[in-house]
Amino acid sequence: MLVNIHSHQNNNTSETTVLSLNLTAAEKVFSSDESGYFSVGFHPWESNEFTKEKMWLLEKIIKDDRFLFIGECGLDKKCDIPYQQQLSVFLQQIALSESAKKPLIIHCVSCFNELFEIKKELQPQQLWIIHGFRGKPQLAQQTLKNDCALSYGEHFNEESVKLTPIDKLLVETDESNMPVAEIYNRLSQIKSCKPTDLTAGYLLLKANIKQNKL
Ligand SMILES: [Zn+2]
């Protein structure tokens, strides 16, 4: 089963896609009986629109079994929003991830040292997934050492893929229209395995779905 761990494209989904939604879209799903798997959270780029009321809404929505992960959330030093503001919103989502027992799907740009510091200090139990990882092997190694999973999309560094253990390697399409199977094919060639051997996404989904749907 080729799980797509992170997609924003409604037209690039299969039954095993985790569709990443903003709060408004997530609220619509929450009050409907739409089936599927979703993630919801505050993107660092939207941290300036964050309010306590929105956080309460996120806390309510995330209890729904269809919502598997919190995010994408994270830190981005290349965007205009002050770092402290991003950090505050991110820390609240980490706390929610722990209390709701849902993994985080993380957008991290030029903030990896900060991210590792936070992780060391808080010692979270939930999995942290670095989505759209394009970093070089040295950063991949460091990220894995900090016990994060790496999710690869259309663009990636081949050497980083080579050193990522299969049980820490996830696959996503993000904004791309490329079929997830094609990304699985490319990654599995690098790993010298079959696409269906890349089962981390499947196992993660299975572990996070309470009903026996998979
Ligand atoms: Zn994304």
Side-chain angles (χ1 to χ4, degrees), residues 2-30 34 36-50 54 58 61-62 66-81 83 85-87 89-90 92-94 96-97 102-112 114-115 126-135 139-140 143 148-157 160-161 164 168-184 186-187 198 200-201 204-205 208:
L2 306 180
V3 171
N4 183 356
I5 216 74
H6 179 80
S7 169
H8 296 276
Q9 306 281 20
N10 238 326
N11 59 348
N12 193 10
T13 61
S14 64
E15 56 176 311
T16 47
T17 296
V18 182
L19 194 59
S20 183
L21 302 177
N22 63 24
L23 199 62
T24 311
E27 200 181 4
K28 276 190 199 131
V29 169
F30 181 75
E34 193 178 332
Y37 306 119
F38 306 93
S39 72
V40 57
F42 300 103
H43 198 287
W45 301 347
E46 297 162 351
S47 341
N48 55 342
E49 292 157 30
F50 177 82
K54 286 183 181 173
L58 178 62
I61 293 172
I62 207 67
R66 291 170 292 176
F67 288 85
L68 303 185
F69 316 133
I70 297 174
E72 56 187 277
C73 55
L75 299 167
D76 187 338
K77 277 211 179 138
K78 290 202 169 138
C79 86
D80 291 337
I81 296 162
Y83 177 76
Q85 199 170 350
Q86 296 182 35
L87 180 65
V89 177
F90 183 43
Q92 293 182 59
Q93 294 180 93
I94 296 171
L96 180 58
S97 151
K102 306 258 168 140
L104 288 179
I105 183 134
I106 297 172
H107 167 106
C108 185
V109 176
S110 307
C111 286
F112 278 91
E114 290 84 348
L115 190 78
Q126 291 302 308
L127 180 65
W128 287 19
I129 305 159
I130 309 299
H131 109 84
F133 189 79
R134 297 186 193 190
L139 185 61
T143 311
C148 296
L150 299 177
S151 179
Y152 292 103
E154 185 179 357
H155 305 286
F156 51 78
N157 180 303
S160 297
V161 171
T164 306
K168 288 275 157 53
L169 192 160
L170 298 160
V171 188
E172 64 175 56
T173 55
D174 199 14
E175 308 278 2
S176 170
N177 280 315
M178 182 181 273
V180 77
E182 203 171 319
I183 302 172
Y184 267 93
R186 288 167 57 200
L187 293 169
L198 301 174
L204 177 64
L205 243 66
N208 286 283

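All ligand and atom numbering here is 1-based and tracks the order in the structure.
Counting only protein atoms, the N, O or S atoms lying less than 2.8 Å from the Zn ion (ligand 1) are H6 NE2, H8 NE2, E72 OE2, D174 OD1, ordered by chain and residue number.
A donor-acceptor contact shorter than 3.5 Å links the side chain of R186 to the backbone of E154. Not one N or O on the side chain of K54 forms a donor-acceptor pair closer than 3.5 Å with the backbone of L23. The main-chain N or O of S7 is never found under 3.5 Å from a side-chain atom of S20 such that the two would form a donor-acceptor pair.
Side-chain atoms of E172 and S151 include a donor-acceptor pair closer than 3.5 Å.
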Distance-only criterion, 3.5 Å: show the donor-acceptor pairs between side-chain atoms of residues 67-77 and protein atoms not counting sequence neighbours.
from : atom 1 : to   : atom 2 : distance (Å)
E72  : OE1    : H43  : NE2    : 3.0
E72  : OE1    : H107 : ND1    : 3.3
E72  : OE1    : H131 : NE2    : 3.0
E72  : OE2    : H6   : NE2    : 2.9
E72  : OE2    : H8   : NE2    : 2.9
D76  : OD1    : K78  : N      : 2.8
D76  : OD1    : C79  : N      : 3.4
D76  : OD2    : W45  : NE1    : 2.7
D76  : OD2    : H107 : NE2    : 2.9
K77  : NZ     : E114 : OE2    : 2.2

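Y152 pairs with exactly one of T164, N157, D174 by the side-chain hydrogen bond (donor to acceptor under 3.5 Å, both in side chains) rule, that one being T164.
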